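Down below is the structure, laid out as structure tokens.
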Amino acid sequence: MKFIKDNSYLIFKLAINQLGMAVFGLVLALAANKYPSVLLLVSFFAVAFYMVLIYTMMWEVGSKDGIRNKSRGVKCDTFKATKITLIANSFNIAVFLLILIGRIIMGDGSGYSGLYNVAVAIGGFAEAMYLGIVNNVVALFANAKYTATAVMYFIIIIPSLVSATLAYLLGYNDKRIFPHKKREK
């Protein structure tokens with residue numbers, strides 16, 4: 001509980017970033033919905049932009065923690081960013097679990113599950129930036145589209161975890177993906 005209290009601002013900020021990206025992704029998805037290939041491209045763009053937002057935020061957090069911890073001689077909490085991102089993604093995890101439970105209730109796919117349909121609709125809004133990717137992957141598994149949808153709503157949580165953890169560790173160690181150009185005096 002102390003961890004959540006100490007990092008509540010970061011958790012809130014990540015959740016707000018996701019909400020903003022969900023609206024952005026929804027607008028892009030609605031604009032490109034008629035053309036699946038364009039929707040896929042737009043979805044990749046939105047996800048990449050979302051990962052950059054997460055990366056820059058968590059790099060800064062890692063950099064600040066690195067300076068503070070090294071001066072105090074405190075050991076790095078390697079999974080701090082992962083824990084923060086998991087908590088910030090708790091709504092997405094809940095949606096995934098509802099989709100999974102709805103899929104289990106549905107059985108072999110011949111049954112109907114209102115829970116599944118409602119959870120997929122909520123997930124479609126909450127993770128709108130991934131819609132093109134989810135739709136294209138699910139289309140590849142036409143015979144198992146309900147299971148593929150459930151699996152995709154789990155998989156789409158992973159990039160934010162990886163991006164946040166990588167950014168935090170790089171920031172902590174004052175490293176960058178792209179070299180920082182110093183201004184000449």
Side-chain angles (χ1 to χ4, degrees), residues 9-60 81-82 84-107 109-168 177-178:
Y9 177 72
L10 295 172
I11 294 166
F12 179 74
K13 198 170 170 184
L14 276 173
I16 293 299
N17 275 346
Q18 181 177 340
L19 179 64
M21 284 306 300
V23 172
F24 178 67
L26 188 62
V27 168
L28 291 175
L30 289 173
N33 199 26
K34 277 188 171 183
Y35 309 102
S37 58
V38 174
L39 180 60
L40 180 63
L41 184 65
V42 163
S43 192
F44 275 119
F45 165 75
V47 170
F49 185 63
Y50 179 49
M51 293 305 116
V52 168
L53 287 176
I54 291 172
Y55 180 87
T56 55
M57 187 176 120
M58 294 311 292
W59 189 94
E60 184 179 327
T82 309
I84 290 170
T85 309
L86 274 172
I87 295 167
N89 275 308
S90 58
F91 178 77
N92 301 329
I93 294 167
V95 168
F96 158 70
L97 291 174
L98 290 174
I99 291 171
L100 187 62
I101 292 167
R103 174 64 186 107
I104 292 168
I105 291 171
M106 191 185 298
S110 60
Y112 175 79
S113 174
L115 176 63
Y116 174 85
N117 292 329
V118 169
V120 168
I122 292 169
F125 173 75
E127 298 283 352
M129 58 279 215
Y130 291 97
L131 277 178
I133 298 168
V134 170
N135 290 348
N136 278 283
V137 170
V138 168
L140 295 174
F141 298 97
N143 294 336
K145 70 179 183 178
Y146 300 111
T147 304
T149 301
V151 169
M152 282 304 297
Y153 276 96
F154 173 73
I155 290 174
I156 61 180
I157 297 168
I158 296 171
S160 62
L161 294 172
V162 171
S163 177
T165 304
L166 176 67
Y168 181 82
I177 291 179
F178 302 106

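Keep in mind it's a predicted model, so treat the numbers as computed, not measured.
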**Report entry** Non-hydrogen atoms of A15 and A88 that approach each other most closely
**Finding:** N-CB, 4.4 Å
Query raised in the report: So, does T56 use its side chain to make a donor-acceptor pair with the main chain of V52 at under 3.5 Å?
Result: yes
Requested in this report: Just grab all the ring pair (Phe, Tyr, Trp, His ring centres under 6.0 Å) pairs involving residues 116-140, residues at least two apart or on different chains.
Outcome: Y116-Y146
Report task. Would you list the pairs meeting salt bridge (Lys or Arg N to Asp or Glu O under 4.0 Å) in which at least one residue belongs to residues 34-60, sequence neighbours left out? Result -> E60-K64
Requested in this report: Go through the structure and list residues passing side chain to side chain contact (heavy atoms under 4.5 Å, CB included) with I16, not counting sequence neighbours.
Outcome: F12
Query - Pairwise distance CD1(I93) to OH(Y153) - rounded to 0.5 angstrom - result: 15.0 Å
Requested in this report: Decide if atom CZ of F49 counts as having more than 12 heavy atoms of other residues, nucleotides or ligands within a radius under 6.0 Å.
Outcome: no
Report task. Would you please say whether a donor-acceptor pair under 3.5 Å links the side chains of T165 and T82? Result -> yes
Query raised in the report: To the nearest 0.5 Å, what is the distance between CG (L28) and CE (M21)?
Result: 7.5 Å
Query raised in the report: Of T85, N89, N17, which is the lone residue that meets side chain to side chain donor-acceptor pair (under 3.5 Å) with S160?
Result: N89
Quiz: residues 35-48 side-chain donor-acceptor pairs under 3.5 angstrom, not counting sequence neighbours:
| unit_1 | atom_1 | unit_2 | atom_2 | d |
| --- | --- | --- | --- | --- |
| S43 | OG | M129 | O | 2.6 |
| S43 | OG | G132 | N | 3.4 |
| S43 | OG | I133 | N | 3.4 |

**Report entry** Atom pair CG (L10) and CD1 (I84), whose distance is rounded to the nearest 0.5 Å
**Finding:** 5.0 Å
Requested in this report: Taking all heavy atoms of A22 and all of A128, pick out the closest pair and write down the distance.
Outcome: O-CB, 3.3 Å
Report task. Apply the test side chain to side chain contact (heavy atoms under 4.5 Å, CB included) to residues Q18 and N92: give CA-CA distance (whole Å), side-chain angles for both, the deciding distance (0.1 Å), then the verdict. Result -> CA-CA 10 Å; Q18 181 177 340; N92 301 329; 2.8 Å; yes
Report summary line: By side chain to side chain contact (heavy atoms under 4.5 Å, CB included), F154 pairs with (sequence neighbours left out) F96, I158
Query raised in the report: Rounded to the nearest 0.5 Å, what separation is found between the CG atom of L166 and the CE atom of M58?
Result: 11.5 Å
Report summary line: Residue pairs passing the salt bridge (Lys or Arg N to Asp or Glu O under 4.0 Å) test with at least one member in residues 115-126, sequence neighbours excluded, are none
**Report entry** L131 side, atom CG; L30 side, atom CG - distance, nearest 0.5 Å
**Finding:** 8.5 Å
Query raised in the report: How long is the span from the CD1 atom in I99 to the CG atom in L115, to the nearest 0.5 Å?
Result: 9.0 Å
